[in-house]
Amino acid sequence: MIISKSDITRIEAYLWEIPKSFSPKMRVPARILASETLLDNIMEDRSLVQLVNVASLPGIQGASLVMPDVHEGYGFPIGGVAATVYPEGAISPGGIGYDINCGVRLLTSQQKITDIRDRLESLSKELYAQIPSGMGKGGQIKLSLQEIDEVLHNGAEWAVQKGYGVNDDLAFMESNGRLHNADASMVSEMAKKRGADQLGTIGSGNHFVEVDYVEEVFDETIAKSYGLSKNQVVVLIHTGSRGLGHQVATDYIRQIMAAMPTYDIEVPDRELACVPFNSQEGQNYFKAMGAAANYAWCNREIISWEVRRAWKNIFGPTIEPLKLMYDVAHNIAKIEEHSIEGKRIKVIVHRKGATRAFGPGFGELPEKYRNVGQPVIIPGSMGTCSYVLAGTDKSMQLTFGSCCHGAGRRLSRTAAKKQVNAPVLKEQLKEKGIFVEAGSFKGIAEEAPIAYKDVNRVVETVSDSGIAKKVVKLRPVAVVKG
DNA sequence: ATGTTC
């Protein structure tokens with residue numbers, strides 16, 4: 001299938017549509033949220049073919065959607081949103097991704113960048129020492145099978161109960177850091193084994209822990225509600241469910257592929273394997289996905305504990321403790337209620353490389369944030385900048401309450417490695433005042449800024465289109481990578 | 001993303 005510019009209609013300044021008539025398999029139109037330049041960029045890989053394929057999912061509602069940071073992924077594009085009707089619509093593990101509940105959190109300090117400028121090198125080394133990182137890397141905590149089941153059921157609460165977390169953090173996580181539909185008995189022994197020693201570890205790829213400061217405040221009122229102010233030092237953590245989530249995805253993609261003929265489902269790409277949500281296989285996957293999501297929240301809570309320890313080691317035991325601003329999931333499926341063509345209906349929202357961006361008034365939000373909307377945390381590429389935005393009513397109308405999740409890759413990992421001299425890049429970043437500590441130069445090369453789209457343009461698009469409001473811009477000063 | 005390949 002080839003998609004050319006003439007197949008795409010501009011329906012708003014930043015909204016494009018491939019109509020249903022494009023392919024007989026499509027059940028709904030396919031929509032792209034992008035500026036014209038970003039759209040040209042998006043057309044360089046198979047993202048739009050995948051977007052059109054997703055529009056053929058059984059029970060899909062409204063439109064199949066991609067955000068401006070989209071790039072191709074396993075079956076579904078990364079940066080995609082698909083809502084299917086509850087309870088009989090499709091659930092597809094490819095629409096969630098291999099790293100179940102990959103997500104980002106932001107911790108805030110009471111320090112200004114000028115207070116810590118001379119400590120950055122030792123801080124980055126201490127963070128690197130405290131936070132295990134890298135492929136397959138285990139951590140300090142070794143879980144028994146009994147304990148791992150507790151983590152899978154209780155999510156971030158487990159970390160708090162065991163003294164690896166902070167009780168006040170729980171209110172500041174999407175779903176309070178725990179999905180109640182989780183069922184550990186739906187997670188394979190193999191997955192549990194892989195997860196037994198990986199709590200408190202970031203992994204590799206684009207995962208990181210980063211120290212930033214607030215460089216610019218766009219919206220004083222919202223920034224104040226979120227506890228953010230100019231020049232304030234903050235910490236961004238980006239990671240997910242590690243080997244455990246990956247194994248859950250692998251196990252269920254295989255099972256669901258095998259079950260598809262039973263339900264008479266045909267999809268244009270085998271990687272879109274799906275079953276009805278209310279089928280046995282669909283329910284089992286959803287319970288296992290919830291368990292893996294809980295593992296990821298627990299993981300980010302324990303990494304925060306490691307960051308807090310590093311903070312005390314560098315700044316002394318009396319330093320004001322780091323607070324959790326918010327924690328978002330960007331690879332997950334949720335049952336939510338949305339308005340489609342004027343009707344309120346329950347849908348299964350698949351967000352893969354997309355952040356929930358609920359607007360003001362949403363009951364799950366902590367009271368401090370309820371009137372201004374959900375915090376949306378957008379990490380940029382290494383050494384560029386990141387953003388905090390706020391969800392809006394427009395996102396509820398246009399994108400099932402969703403927004404982008406990052407800058408979005410524009411070069412494959414292999415292409416990036418060919419073009420980037422990692423030791424040189426590390427030196428260049430140091431000259432710019434950014435200390436990078438990484439386990440491998442390979443990781444640095446793959447994550448070089450050149451491998452990513454310009455996060456400023458991506459954020460401009462979501463902000464100008466109205467699906468999220470810019471709150472603050474963050475500038476990195478120290479990065480720990482796998 | 002991932003003990004980098006069902």
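These figures come from a predicted structure and were not determined experimentally. Lettering of chains follows the sequences in order, A, B, ..., and the numbering in each one begins at 1.
With sequence neighbours left out, the ring-ring contact (aromatic ring centres under 6.0 Å, His included) criterion links Tyr14(A) to no other residue.
Among the protein residues, Glu447(A) comes within range of the sugar-phosphate backbone only, with heavy atoms under 4.0 Å from sugar or phosphate atoms but none that close to a base. Residue-level contact check: Glu446(A) touches neither bases nor backbone, having no heavy atom under 4.0 Å from any strand. Counting any heavy atom pair closer than 4.0 Å across all strands shown, Gly97(A) reaches no nucleic acid atom.
Shown here for Tyr326(A) and Glu174(A), the closest heavy-atom pair between the two residues is OH-CA, 3.6 Å.
For dT4(B), neither phosphate oxygen OP1 nor OP2 lies less than 4.0 angstrom from any side-chain nitrogen or oxygen of Ser204(A). Residue Arg413(A) has no polar side-chain atom (N or O) positioned under 4.0 Å from OP1 or OP2 of dT4(B).
A straight line from CG of Asp251(A) to C1' of dT5(B) spans 16 Å, rounded to a whole angstrom. Whole-Å rounding puts the Asn101(A) CG to dT2(B) P distance at 13 Å. Spacing between atom CD1 of Ile253(A) and atom P of dT5(B) amounts to 14 Å, rounded to whole angstrom units. Atom C1' of nucleotide dT4(B) and atom CD of Gln247(A) are separated by 14 Å, given to the nearest angstrom. Spacing between atom CG of Asn299(A) and atom C1' of dT2(B) amounts to 14 Å, rounded to whole angstrom units. In this structure, the CD atom of Gln198(A) is 9 Å from the C1' atom of dT2(B), given to the nearest Å. The distance from atom NZ of Lys193(A) to atom C1' of dT2(B) is 17 Å, rounded to the nearest whole Å. Remark: C1' of dT5(B) and OH of Tyr98(A) are 10 Å apart, rounded to the nearest angstrom.
Pro58(A) pairs in a side chain to side chain contact (heavy atoms under 4.5 Å, CB included) with only one of the listed residues (Ile265(A), Val85(A), Thr84(A)), which is Ile265(A).
Counting only N and O atoms by type, the side chains of Asp69(A) and His405(A) include a donor and acceptor under 3.5 Å apart. A side-chain donor from one of Thr201(A) and Arg242(A) sits under 3.5 Å from a side-chain acceptor of the other.
Checked against dT4(B), dC6(B), dT2(B), the side chain of Lys442(A) finds its nearest nucleotide in dT4(B).
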